[in-house]
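Just so it is clear, the structure is predicted and the values come from calculations on it, not from any experiment.
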Amino acid sequence: MKNSSNIDTIKLLNIQEFASVCYLITTAVAIYLTHYRKQIIRHQKTSLTVEEAKKLNILNHIFILILTGTFLYVNRINLQNAKENNKDTTLLSLQNFASILTTIGAIIVLYVVIQDPIDNPSSNENPEI
């Protein structure tokens, strides 16, 4: 493998590593918002207003969409590199397809979160996408 190819691979791995850490943060925010919704349902005092929670939820899902796009980008580059080096691309193609589906899912969930009425604190969402 060429040295420049190793450098490119390391750059892609650095991107994946950073995006994975960011995913942990978005998951923590989703857990916090789930806890918030439980407090609302129980009529307990919360640290956020309903409007702030909705904005945080939308922002969190925008970041999730950016992250799924980042993983899609990395998977595309890995697939292209494998094709250029005449490697087996079967699993990379499946991974790329999964990234496409995940990004589509993130777009749909973001749309749902944006359209969700502000007075619906118990609405369900998928914090993983």
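- To the nearest 0.5 angstrom, N81 atom CG is 7.0 Å from L12 atom CG.
- The main-chain N or O of V112 is never found under 3.5 Å from a side-chain atom of Q115 such that the two would form a donor-acceptor pair.
- I31 has its side chain within reach of T27: a pair of non-hydrogen atoms, C-beta onward, lies under 4.5 Å apart.
- Remark: the S99 side chain and the N75 side chain contain an N/O donor-acceptor pair separated by less than 3.5 Å.
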Report the C-alpha separation of K54 and I58 in whole Å, then their side-chain angles, then the decisive distance to 0.1 Å, and conclude whether the side-chain contact (heavy atoms from CB on, under 4.5 Å) test is met. CA-CA 6 Å; K54 181 171 176 70; I58 291 170; 4.0 Å; yes
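- Under 3.5 Å, the side chains of S47 and Y32 contain a donor-acceptor pair of N or O atoms.
- A 4.5 Å side-chain heavy-atom check between I66 and T70 finds at least one atom pair inside the cut-off.
- With hydrogens and angles ignored, the 3.5 Å screen pairs no side-chain donor or acceptor of K83 with any backbone N or O of N78.
- Under a 3.5 Å cut-off, the side chain of T49 and the backbone N or O of E52 do form a donor-acceptor pair.
- R76 has its side chain within reach of I100: a pair of non-hydrogen atoms, C-beta onward, lies under 4.5 Å apart.
- No more than 12 heavy atoms of other residues, nucleotides or ligands lie within 6.0 Å of CD in E17, so this atom counts as exposed by the packing criterion.
- When side chains are defined from C-beta on, L92 counts as touching Q95, because their heavy atoms get closer than 4.5 Å.
- Rounded to the nearest 0.5 angstrom, Q16 CD and T9 OG1 are separated by 10.0 Å.
- In this structure, K38 contributes its side chain and L33 its backbone to no donor-acceptor pair below 3.5 Å.
- Under the 3.5 Å distance criterion, the side-chain polar atoms of N85 are left unmatched by any main-chain donor or acceptor of K87.
- Of all the heavy atoms in G69 and T103, the pair that sits closest is N-OG1, 4.0 Å.
- Taking 4.5 Å as the limit, every side-chain heavy atom of F63 sits out of range of all side-chain heavy atoms of Y23.
- Residues I25 and N60 are not in side-chain contact: their nearest non-hydrogen atoms beyond the backbone lie 4.5 Å or more apart.
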